[in-house]
Amino acid sequence: MNMRITKIESQRKNPGRKSIHADGVFVAGVSDETFLRSGLRTGDEITDEKLKSLIEEEETAGAKRAALRFLARRPRTTKEIRDKLREKEFGEADIAQTIESLERAGLLNDVEFARMYIRDALALRPTGTTLLKRKLLLLGINKATVDEALQETFVGVDQHAAAMEAGQKFLRKSTATRKASDQTQLRNRLAGFLGRRGFTWETIQPVMKALMKEQEE
């Protein structure tokens, strides 16, 4: 069925959107961007198919705008964007199209996100690979990508030295805030701390031995 557009006006509460009326009835609300791409004018005829296409285009554009607002705060993973758009009840087709568009534009890249996340974490404080891997997996990055990013980023990183630095700081703080502790208890607490920092047991064992020897001396 064909209708004729009888009025196009900017919305009062949202000047960046247009309300489209056909045969005297409101039929769609779209962003200025979607409206300009449509080329519609007052007096034009519009079919049901064209109206449906216009509404679908606006839904996809809305998903992309929501994703860009989310990305403006900080970089995100593909999973974070997908979850956010689902939370806002966008359809799966709109979400998939949005993600594909963002990836083509270089605004969404799980590989680069993983590398950046690891670099930032290492710059902040000594951290082991297991903690970083766990956090990146929780953010929805696949295991192969995480492993590759860790391997690339940790080239030249001395995990033993990093664990020593973290352990020394922990022991200084521990001995400064309490009386001399039982050595077994202190050893367990040190191992737990280094484990939570993401260091492997292969790294923790010799570091703990060296630090406890320093402590005893």
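Scope of the values below: all heavy atoms of this structure, side chains included, with no hydrogens, waters or symmetry mates. Quick note: residue numbers are just sequence positions, from 1.
Legend: salt bridge (charged side-chain N to carboxylate O under 4.0 Å, His left out) pairs involving residues 62-71, not counting sequence neighbours, sorted by first then second residue: Glu58-Arg65. Residue pairs meeting the side-chain hydrogen bond (donor to acceptor under 3.5 Å, both in side chains) criterion with at least one partner in residues 149-165, sequence neighbours excluded, are Arg115-Glu152, Glu165-Lys169. Screening residues 21-41 for ring-ring contact (aromatic ring centres under 6.0 Å, His included), with sequence neighbours left out, gives His21-Phe26. Within the structure, every pair that satisfies the salt bridge (charged side-chain N to carboxylate O under 4.0 Å, His left out) test and touches residues 27-43, not counting sequence neighbours, is listed here: Lys18-Asp32, Glu33-Arg37, Arg37-Glu57.
When all heavy atoms are compared, the tightest approach of Thr98 to Ala67 is CG2-CB, 3.9 Å. The two residues Arg4 and Gly43 come nearest to each other via the heavy atoms NH1-O, 2.5 Å. Of all heavy-atom pairs spanning Ala28 and Ile55, the tightest one is CB-CG1, 4.2 Å. The shortest non-hydrogen separation linking Ala163 to Thr203 is CB-CG2, 3.8 Å. Ala166 approaches Leu194 most closely through the heavy-atom pair CB-CD2, 4.3 Å. The shortest non-hydrogen separation linking Asp44 to Gly39 is OD2-O, 3.9 Å.
Residues Phe193 and Leu131 do not share a hydrophobic cluster, clusters being chains of Ile/Leu/Val/Met/Phe/Trp/Tyr side chains in contact below 4.5 Å. Connection of Val207 to Trp201 is established within a shared hydrophobic cluster, with ILVMFWY side chains joined at heavy-atom distances below 4.5 Å, either directly or through further cluster members.
For Thr77 and Asp110, the side-chain atoms include no donor-acceptor pair closer than 3.5 Å.
Take Lys88 and apply the side-chain contact (heavy atoms from CB on, under 4.5 Å) test, not counting sequence neighbours, and it matches Ala66, Lys84, Phe90. For Gln11, the side-chain contact (heavy atoms from CB on, under 4.5 Å) partners are Asn14, Arg17, Ser19, not counting sequence neighbours. Every residue two or more places apart in sequence or in another chain that forms a salt bridge (Lys or Arg N to Asp or Glu O under 4.0 Å) with Lys7 is listed here: Glu9. Every side-chain contact (heavy atoms from CB on, under 4.5 Å) that Asn188 has, sequence neighbours left out, goes to Thr184. Listed by chain and number, the residues in a side-chain contact (heavy atoms from CB on, under 4.5 Å) with Glu92 are Arg86, Ile95 (sequence neighbours excluded). Every residue meeting the salt bridge (Lys or Arg N to Asp or Glu O under 4.0 Å) condition with Lys143, not counting sequence neighbours, appears here in chain and number order: Asp147.
Put simply, OG1 on Thr127 and CZ on Phe199 are 6.5 Å apart, with the number rounded to the nearest 0.5 Å. Between the CG atom in Leu107 and the CD1 atom in Ile99 there is a gap of 13.0 Å [rounded to 0.5 Å]. The line from OG1 of Thr130 to NZ of Lys135 is 11.0 Å long, rounded to the nearest 0.5 Å. Going from atom CD1 of Ile46 over to atom CG of Leu40 covers 5.0 Å, rounded to the nearest 0.5 Å.
Taking a 4.5 Å side-chain heavy-atom cut-off between Ile, Leu, Val, Met, Phe, Trp and Tyr, the cluster of Leu124 contains only that residue. Through direct or indirect side-chain contacts shorter than 4.5 Å among Ile, Leu, Val, Met, Phe, Trp and Tyr, Leu136 is connected to Phe113, Met116, Tyr117, Ile118, Leu122, Leu132, Leu137, Leu139, Ile141, Val146, Leu150, Phe154, Val157.
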Test side chain to side chain contact (heavy atoms under 4.5 Å, CB included) on Arg197 and Arg125; report intermediate values, then the result. CA-CA 9 Å; Arg197 277 290 183 88; Arg125 64 183 184 181; 3.6 Å; yes

Exercise. Between Arg189 and Leu186, does a side chain to side chain contact (heavy atoms under 4.5 Å, CB included) hold up when you go through it step by step?
Worked result: CA-CA 5 Å; Arg189 291 179 60 240; Leu186 188 59; 3.7 Å; yes

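Around atom CZ of Arg12, no more than 12 heavy atoms belonging to other residues, nucleotides or ligands sit under 6.0 Å away.
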